[in-house]
Colleague: 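One structure, as structure tokens, below. Some questions next.
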There are 2 protein chains.
Amino acid sequence: MDIAEVAKASGLPASTLRFYEEKGLIQSTGRNGLRRLFRANVIERLALISLGRSAGFSLDEIGEMFTAEGLDINRALLLAKADELDRTIEELTSMRDGLRHAAVCKAPSHFECPKFLRLLRVAGKNRIRQPNKLKENKLKLGVQKK
Amino acid sequence: MDIAEVAKASGLPASTLRFYEEKGLIQSTGRNGLRRLFRANVIERLALISLGRSAGFSLDEIGEMFTAEGLDINRALLLAKADELDRTIEELTSMRDGLRHAAVCKAPSHFECPKFLRLLRVAGKNRIRQPNKLKENKLKLGVQKK
DNA sequence: ATACAAGCTCAAGTTGACTTTAAGTCAAGC
DNA sequence: GCTTGACTTAAAGTCAACTTGAGCTTGTAT
């Protein structure tokens, strides 16, 4: 496959594919002139990378996961990330409840509302970065049937 | 209060306070020579800002929330953010379950495991940026009693 | 044979939320 | 009078994950 096909199949721009290759996350298997050639299984790779990103792994972490040939998934790392997600989920949940309460709370100042004060205590940690303009993400992974 | 006191009370470095002032998120009420003076209620402001950040608001969004004097919270914005949190929570939950499953799954390739494939479909959207090195966040908000 | 769209490389730019640095001001203490 | 330390400013740096741009090369269609 050439880069355009991979881009289309994965939903990722060619620039990202080059970037991922440079980072060692994917490999091209040769060139046709200048042009990169990819094997079809790169799509699966990219799906895994996308998945990892969604789960909060950094590209570096993802890179450490697949060694040499094929994808060797580090189970401990997975479980650790799952635990981290648990904590995040809990915090986001309090946050969501707090926001809903704040929207209807009648206390004259939020600082006089006990729920709001509890919310303040819950916050503090767990700052969320604004995601990278995820305009429309159109990952078409129907994990192709050969 | 001078900037050092505010820094201590809020847990935020002075550089961040200057940055927030420049962004219009907090105000200093005057100067003693060159030195900024803050009113005590700036601590509450900072607590709100921290809260907003934790809930996923950008600084710009937070800035739009408190108009002029005092904090005027935009209820619609709050509810919208709460809904957004709901979606995020759902996705993170699938993600977490998927990770836990992947860690124990016996299928020869993850691509042969139906749960894993479902996980792949759930992902796609909702990329999480690595949080801003949140070494130790030590917000000491005991919301001071006058 | 020639045009041209699509690739290529390498370097620099973008974003958001800060942090760091360099250079300067100032009150207090020795 | 001089040092020290806490503060000031403006500008530059950081981080991750990409994106963009300039300028060059190529396979393929006319």
Side-chain angles (χ1 to χ4, degrees), chain A residues 1-8 10-26 28-38 46 49-64 123-139, chain B residues 1-8 10-26 28-38 46 49-64 123-139:
Chain A
M1 313 174 76
D2 73 7
I3 204 169
E5 293 177 88
V6 177
K8 204 160 165 198
S10 69
L12 297 168
S15 65
T16 300
L17 300 176
R18 289 188 208 102
F19 175 72
Y20 281 180
E21 190 189 2
E22 204 182 347
K23 275 224 126 192
L25 294 173
I26 58 175
S28 56
T29 50
R31 298 288 179 117
N32 172 15
L34 283 183
R35 303 174 178 217
R36 287 165 178 79
L37 293 176
F38 294 94
L46 289 168
I49 293 171
S50 253
L51 176 60
R53 295 276 300 109
S54 296
F57 292 94
S58 70
L59 292 182
D60 286 348
E61 283 174 311
I62 292 168
E64 286 163 20
K125 199 183 143 45
N126 161 249
R127 265 76 183 300
I128 297 172
R129 280 247 215 164
Q130 296 306 110
N132 228 347
K133 59 160 99 174
L134 42 97
K135 22 197 171 193
E136 339 127 53
N137 178 309
K138 12 68 186 275
L139 247 211
Chain B
M1 313 170 77
D2 72 7
I3 204 169
E5 292 176 88
V6 178
K8 204 161 165 196
S10 69
L12 298 168
S15 64
T16 299
L17 300 176
R18 290 190 204 99
F19 174 72
Y20 281 180
E21 191 189 2
E22 207 180 345
K23 276 223 126 193
L25 294 173
I26 58 175
S28 56
T29 50
R31 297 288 180 116
N32 174 16
L34 283 182
R35 302 173 179 218
R36 286 166 178 79
L37 293 176
F38 293 94
L46 289 168
I49 294 170
S50 252
L51 176 59
R53 295 277 299 109
S54 297
F57 292 94
S58 70
L59 291 183
D60 286 349
E61 283 174 310
I62 293 169
E64 287 163 20
K125 202 185 142 40
N126 161 250
R127 266 72 184 304
I128 297 172
R129 279 249 216 161
Q130 295 305 110
N132 228 345
K133 60 160 96 175
L134 40 97
K135 21 197 171 191
E136 340 129 52
N137 177 310
K138 15 54 184 293
L139 249 213

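Reckoned from all heavy atoms, side chains included, excluding hydrogens, waters and symmetry mates. On a predicted model such as this, the values are computed, not experimentally measured, just so you know. All chains are named by letter (A, B, ...) in the order of the sequence lines, taking the proteins before the strands, and each is independently numbered beginning at 1.
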Colleague: To check you understand the geometry: which heavy-atom pair defines the closest contact between B:Arg31 and B:Leu37, and what is its length?
Modeller: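 Looking at all heavy atoms of both residues, the shortest contact is C-CD1, 4.1 Å.
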Colleague: What is the separation between atom CD on A:Glu22 and atom C1' on C:dA11, rounded to the nearest whole Å?
Modeller: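 Roughly 11 Å, once rounded to whole Å.
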Colleague: Please report the distance, rounded to the nearest Å, between CG in A:Asp60 and C1' in D:dC15.
Modeller: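 Rounding to the nearest Å, CG of A:Asp60 and C1' of D:dC15 are 11 Å apart.
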Colleague: Do A:Leu46 and A:Leu25 have side chains that get closer than 4.5 Å, going by heavy atoms?
Modeller: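 No, side chains not in contact.
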Colleague: How long is the line joining CD of B:Glu21 and C1' of D:dA10, in whole Å?
Modeller: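 About 15 Å, once rounded to whole Å.
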Colleague: Which is true for B:Gly33 with a 4.0 Å heavy-atom rule: it touches a base, it touches only sugar-phosphate, or it touches nothing?
Modeller: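 Since no nucleic acid heavy atom lies under 4.0 Å of B:Gly33, the category is nothing.
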Colleague: Taking only residues two or more places apart in sequence, or in another chain, which ones meet A:Leu34 in a side chain to side chain contact (heavy atoms under 4.5 Å, CB included)?
Modeller: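 Not a single residue meets the side chain to side chain contact (heavy atoms under 4.5 Å, CB included) criterion with A:Leu34.
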Colleague: Whole-Å distance between D:dC18 C1' and A:Leu17 CG?
Modeller: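 About 12 Å, once rounded to whole Å.
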Colleague: Of all the heavy-atom pairs spanning B:Leu17 and B:Ile26, show the shortest one and how long it is.
Modeller: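 Nearest heavy atoms, B:Leu17 then B:Ile26: O-CD1, 3.5 Å.
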Colleague: For the side chain of B:Glu61 and the backbone of B:Ser58, is there at least one donor-acceptor N/O pair under 3.5 Å apart?
Modeller: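 It does hold such a pair.
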Colleague: Is any side-chain nitrogen or oxygen of B:Arg53 closer than 4.0 Å to OP1 or OP2 of C:dC18?
Modeller: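 Checking C:dC18 against B:Arg53, a side-chain N or O does come within under 4.0 Å of OP1 or OP2.
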Colleague: Answer whether the closest heavy-atom distance between the side chains of B:Leu59 and B:Phe19 falls below 4.5 Å.
Modeller: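 Side-chain contact under 4.5 Å: yes.
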Colleague: Quick one: A:Lys23 NZ to D:dC15 C1', roughly how many Å, whole number?
Modeller: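 The distance from NZ of A:Lys23 to C1' of D:dC15 comes to 11 Å, rounded to the nearest Å.
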Colleague: Could you pull out all residues at least two apart from B:Asp2 that satisfy side-chain hydrogen bond (donor to acceptor under 3.5 Å, both in side chains)?
Modeller: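 Listed in chain order: nothing, the list is empty.
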Colleague: Among residues at least two apart in sequence or on other chains, which ones pass side-chain hydrogen bond (donor to acceptor under 3.5 Å, both in side chains) with A:Ser28?
Modeller: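 If we apply the side-chain hydrogen bond (donor to acceptor under 3.5 Å, both in side chains) test to A:Ser28, skipping adjacent residues, the hits are A:Glu21.
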Colleague: A:Arg31 side chain: which of C:dT9, D:dC18, D:dT9 is closest?
Modeller: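 Per side-chain heavy atoms of A:Arg31, the pick is C:dT9.
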Colleague: Starting at atom CZ of B:Arg36, determine the distance to atom C1' of C:dT25, rounded to an integer number of angstrom.
Modeller: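 Distance, rounded to whole Å: 13 Å.
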Colleague: Please tell me which of the listed nucleotides, D:dT8, C:dT19, D:dC18, lies nearest to the side chain of B:Pro13?
Modeller: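 Of D:dT8, C:dT19, D:dC18, C:dT19 is nearest to the side chain of B:Pro13.
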Colleague: Starting from P on D:dC7, measure out to CG on B:Leu37 and report it in whole angstrom.
Modeller: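 Answer to the nearest Å: 11 Å.
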Colleague: Is there a side-chain polar atom (N or O) of A:Ser15 under 4.0 Å from OP1 or OP2 of D:dT20?
Modeller: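 For A:Ser15, the contact criterion (side-chain N or O under 4.0 Å from OP1 or OP2 of D:dT20) is not met.
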Colleague: Quick one, A:Tyr20 and A:Leu12 - any side-chain contact, counting heavy atoms below 4.5 Å?
Modeller: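 A:Tyr20 vs A:Leu12: side chains touch.
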Colleague: Enumerate all atom pairs, one protein N or O and one N or O from nucleotides 2-6 of chain D, separated by less than 3.5 Å.
Modeller:
from: D:dA6; atom 1: N3; to: B:Arg35; atom 2: NH2; distance (Å): 2.7

Colleague: What integer distance in Å separates A:Ile62:CD1 from D:dA17:C1'?
Modeller: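 Going from A:Ile62 (CD1) to D:dA17 (C1'), I get 11 Å.
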Colleague: Determine to 10° how strongly the helix from C:dA1-D:dT30 to C:dC30-D:dG1 is bent, judged from the axes of its five-pair ends.
Modeller: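 Inter-axis angle at the termini of the helix from C:dA1-D:dT30 to C:dC30-D:dG1: 30°.
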Colleague: For A:Arg18, enumerate each residue passing the side chain to side chain contact (heavy atoms under 4.5 Å, CB included) test, keeping only those at least two apart in sequence or located in another chain.
Modeller: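 Result, side chain to side chain contact (heavy atoms under 4.5 Å, CB included) vs A:Arg18: A:Ile3, A:Ala14, A:Ser15, A:Arg36.
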Colleague: Mapping A:Leu34 and A:Arg18 onto DNA chain D by nearest heavy atom, which one lands closer to the 5' end?
Modeller: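 Nearer the 5' end of the strand: A:Arg18.
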Colleague: Any side-chain N or O of A:Tyr20 below 4.0 angstrom from OP1/OP2 of D:dA17?
Modeller: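 No, because none of the side-chain N or O atoms of A:Tyr20 sits under 4.0 Å from OP1 or OP2 of D:dA17.
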Colleague: Any idea which of D:dG27, C:dG7, D:dT8 is nearest the A:Asn32 side chain?
Modeller: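 Closest of the options to the side chain of A:Asn32: D:dG27.
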